[in-house]
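So the structure is just underneath, and the comments pick up after that.
None of these values were measured; they are calculated from a predicted model. A, B, ... follow the sequence lines: proteins, then strands. Residue 1 opens every chain.
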Protein chains: 2
Amino acid sequence: MSLIAKTPPPPYYAVIFTSTRTEGDHGYAAMAERMVALAQQQPGFLGAESARNEVGITVSYWKDLKSIRAWKANAEHLEAQRQGRAQWYSAFTTRIAKVERDYSL
Amino acid sequence: MSLIAKTPPPPYYAVIFTSTRTEGDHGYAAMAERMVALAQQQPGFLGAESARNEVGITVSYWKDLKSIRAWKANAEHLEAQRQGRAQWYSAFTTRIAKVERDYSL
């Protein structure tokens, strides 16, 4: 994905996923890469941004709530969510937010 | 700041600031640290999360749009914004979003 997502004019939606990881990889890196590729193929996907130090932040952008719900219910993504809860993340928070305004340099 | 922000039940607001940096520090690290400390003192500040690799993502959470506007207009923050545009950032996008729902592990 490009570094700063090129999103259309608001309104659109953001899914802000903030997490801390457990020790070791346990298949995480490969699955994270696969989920990015898979998300990009979903209807309504507008872009994503990601960075990780002590905390990891991934923000994905979506056309509407319907496209977010469909992505959350994707079978392969559901399996990744299950493994995330079981072994990859020590903690996470997911926030669904409606982008009302944006500006860029 | 704590790694994953402890925010109250929605609705509340998120400011998603995604950026790429220019080369060199030029006073950036000290100012960034100062802005985190200053933001924490503002009315309506609820927390923040930050990570940087190739792209930097800082998400700050706020009670309402009024508190975001007041922070944007803070004199010391205005000077930081000016220097950010002039020398620290090669590109950035700021998005103002209303958090409608969240859930955590």
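- Among Glu100(B), Arg52(B), Glu54(B), Arg95(B), the residue with the largest count of heavy-atom pairs under 4.5 Å with chain A is Arg95(B).
- Per-residue counts of heavy-atom pairs under 4.5 Å with chain B were compared for Asn53(A), Leu105(A), Val99(A); the largest is that of Leu105(A).
- In terms of non-hydrogen atom pairs under 4.5 Å with chain B, the most contact-rich of Val15(A), Leu65(A), Ile57(A) is Ile57(A).
- Under the 4.5 Å side-chain criterion, counting only non-hydrogen atoms from C-beta, Val59(A) is not in contact with Thr18(B).
- Neither the backbone nor the side chain of Phe17(B) comes within contact range of chain A, judged by heavy atoms closer than 4.5 Å.
- Among the candidates Pro11(A), Gly84(A), Ala91(A), Ser90(A), the residue making the largest number of heavy-atom pairs closer than 4.5 Å to chain B is Ala91(A).
- Between chain A and the options Thr20(B), Thr93(B), Thr7(B), the largest number of non-hydrogen pairs under 4.5 Å is found for Thr93(B).
- In this structure, the portion of Ala14(B) lying under 4.5 Å from any heavy atom of chain A is its side chain and not its backbone.
- Heavy atoms of Ile16(B) lying under 4.5 Å from chain A belong exclusively to its side chain.
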